[in-house]
Amino acid sequence: MSAAITRHFVSAGGRQVHYRRAGSGPPVVLLHESPRSSAALTPLIKRLAGRFCVFAMDTPGYGGSEALAARRPDIAAYADALAASLAALGLARVPVYGRHTGAAIALELSRRHPDVMTVAVLDGYPLFTPAEREEFEASYLPPFRPEWSGAHVAWLWARVRDQFTFFPWHHQGPAARLPFGPPRLATLAQVVADFLIAGDGYRVAYSTAFRYDTTRAAAELRAPSFFVAMADDVLVPHLE
C-alpha cells in the first residue's frame, strides 16, 4: 500500500506556503512546473514515499501558496523564498528535484544557498536563446481574464490542449508540432484546474523562468546536479 499524501501549510517570510507530504525516511524536496501545483507531482511523490519523506512544495502564487509581494520577482526571489520555507520546516542539506520552472528555482537555490541542498535533479531544465526568451515572455503568456459568459474556460481548455500539441503553443503548424499527442483528458483537466487557481497570476513565475538566463546559470552550479528529461517533455526540442 502506498503512503498517504497529506497536505500542510508552513509560515515562511510572512506568507503561508502549502505543501504535500508523504512517506518516512530521509527528506527530499520536489518542485513543480508552472502553472501547476504540487498536485502535478503526485505520481512521483507516490514513487518516492516508500524510501523518503517527501515534501512537494507549491511555488508562491500557485496551488495553495501565497504569492510573493513583488509584482515582477526574479528567480532569485523564488529561490530565497524556498530557502525560507525549508528553514521553517527544519530541512537542511536535502536533495531537491525540480521540473521546468521548478528546475530553474532549484538551480538558483544551489547558487544562492548551496548549504541547503546536497544534490539537484533538474528535469526539463530549459535552455532558450535570448531571442526565444524575449518572444516567449511577450507571446507565450497572454492575460487570463474571466468573462461572465464563461468563454474563458473554453479558451483555457484549448490553450492547455495546444500546449501539449505544439511548442511553443502559439506557433501552431507542422514545424512546431510535438512528436507525441496530448495527455489523457483527466490530465488536461488537472492542468486547467491548477491554471484556474493561479488565475492571471499564472504568468508571474512563468515570466520569471523565461527571463532567467539558464545557460549562464547552469555554468555556475554549486551543487552536484543531474540534468534529466522525459521523452514526452513539451520542451524536447530545447533539451538537447
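Predicted model, so just to flag it, every value in this text is computed and none were measured.
Of the inter-residue distances, the one linking I5 atom CD1 with I45 atom CD1 reads 4.5 Å to the nearest 0.5 angstrom. Atoms CG and CD, on L127 and E132 in that order, are 10.0 Å from each other to the nearest 0.5 Å. In this structure, L41 CG and K46 NZ are separated by 12.5 Å, a value rounded to the nearest 0.5 Å. Separation of atoms CG (L48) and SG (C53) is listed at 11.5 Å; rounding is to 0.5 Å. Rounded to the nearest 0.5 angstrom, S139 OG and E134 CD are separated by 9.5 Å. The CD atom of Q172 sits 13.5 Å away from the CZ atom of F167 when rounded to the nearest 0.5 Å.
Between R159 and W169, some side-chain heavy-atom pair lies under the 4.5 Å cut-off. With a 4.5 Å cut-off on side-chain heavy atoms, V204 and R72 do not count as touching. Looking only at side-chain heavy atoms (C-beta outward), V94 and V28 stay at 4.5 Å or farther from each other. Two residues are said to be in side-chain contact when any heavy atoms from C-beta on lie closer than 4.5 Å; M117 and R93 fail this criterion. Between V121 and V96 there is no side-chain heavy-atom pair separated by less than 4.5 Å. In this structure, F55 and L89 have side chains that are in contact, with non-hydrogen atoms separated by less than 4.5 Å. Contact annotation: the side chain of F52 never approaches that of P27 to less than 4.5 Å [non-hydrogen atoms, C-beta and beyond]. A 4.5 Å side-chain heavy-atom check between L82 and H113 finds every atom pair outside the cut-off.
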Going through the distances and angles, do V54 and L30 end up as a side chain to side chain contact (heavy atoms under 4.5 Å, CB included)?
CA-CA 7 Å; V54 184; L30 311 182; 3.5 Å; yes
I would like to know whether D233 and H100 meet side chain to side chain contact (heavy atoms under 4.5 Å, CB included); could you show each step before the answer?
CA-CA 10 Å; D233 194 309; H100 290 190; 2.9 Å; yes
Is there a side chain to side chain contact (heavy atoms under 4.5 Å, CB included) between Y19 and D58? Walk through the geometry before answering.
CA-CA 6 Å; Y19 64 97; D58 280 0; over 6 Å; no
As a quick check of understanding, evaluate side chain to side chain contact (heavy atoms under 4.5 Å, CB included) for Y62 and H32, giving each step before the final call.
CA-CA 10 Å; Y62 299 80; H32 62 84; 4.0 Å; yes
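In this structure, the side chain of T165 engages the main chain of R161 through a donor-acceptor pair within 3.5 Å. At least one donor-acceptor pair closer than 3.5 Å links the side chain of S85 to the backbone N or O of A81. Judged by distance alone, with hydrogens and angles left aside, the side-chain atoms of Y125 form a donor-acceptor pair with the main-chain N or O of T214 at under 3.5 Å. Judged by distance alone, the side chain of Y212 and the main-chain N or O of I75 form no donor-acceptor pair under 3.5 Å. Remark: side-chain polar atoms of H152 are not paired, donor with acceptor, to backbone N or O of R145 under 3.5 angstrom.
R222 pairs by the side chain to side chain donor-acceptor pair (under 3.5 Å) definition with nothing, not counting sequence neighbours. With sequence neighbours excluded, no residue forms a ring pair (Phe, Tyr, Trp, His ring centres under 6.0 Å) with F226.
Donor-acceptor pairing under 3.5 Å is recorded for the side chains of S38 and R20. With no hydrogens or angles considered, no side-chain donor-acceptor pair links T129 and R133 at under 3.5 Å. Between the side chains of H170 and Q163, no donor-acceptor pair of N or O atoms lies under 3.5 Å. For the residue pair S11 and Q16, a side-chain donor N or O sits within less than 3.5 Å of a side-chain acceptor on the partner.
The shortest heavy-atom contact between I197 and G63 is CG2-O, 3.3 Å. Closest non-hydrogen pair, P168 versus A176, comes out as O-CB, 4.4 Å. Nearest approach of M57 to V29, heavy atoms of both residues: CG-CG1, 4.0 Å. For the pair A103 and L122, the tightest heavy-atom approach, listed with the atom from each and the gap, is O-CD2, 3.4 Å. Heavy-atom minimum distance, S34 versus A205: OG-CB, 3.7 Å. What you find for P126 and L235 is that their closest heavy atoms are CB-CD1, 3.8 Å.
Ion pairing between D74 and R211 fails under the 4.0 Å rule for side-chain N and carboxylate O.
Note on residues 28-40: pairs passing salt bridge (Lys or Arg N to Asp or Glu O under 4.0 Å), not counting sequence neighbours, are E33-R99, R36-D194.
With hydrophobic clusters built from ILVMFWY side chains whose heavy atoms lie under 4.5 angstrom apart, W155 shares a cluster with L188. A continuous path of ILVMFWY side-chain contacts below 4.5 Å connects L185 to L156, so both sit in one hydrophobic cluster. F9 and L31 are not part of a single hydrophobic cluster, where members link through side-chain heavy atoms under 4.5 Å apart. The cluster map of Ile, Leu, Val, Met, Phe, Trp and Tyr, joined by side-chain heavy atoms under 4.5 Å apart, puts L109 and F227 in the same cluster. F166 and F136 fall into different hydrophobic clusters, where Ile, Leu, Val, Met, Phe, Trp and Tyr side chains are chained together by heavy-atom contacts under 4.5 Å.
In this structure, Y206 and F210 have parallel ring planes: the angle between them is below the 30° cut-off, well short of the 60° mark.
Between F144 and F195, the ring centre distance stays below 6.0 Å.
Judged by the 6.0 Å distance and 45° axis criteria, R177 is not positioned over the aromatic ring of F164.
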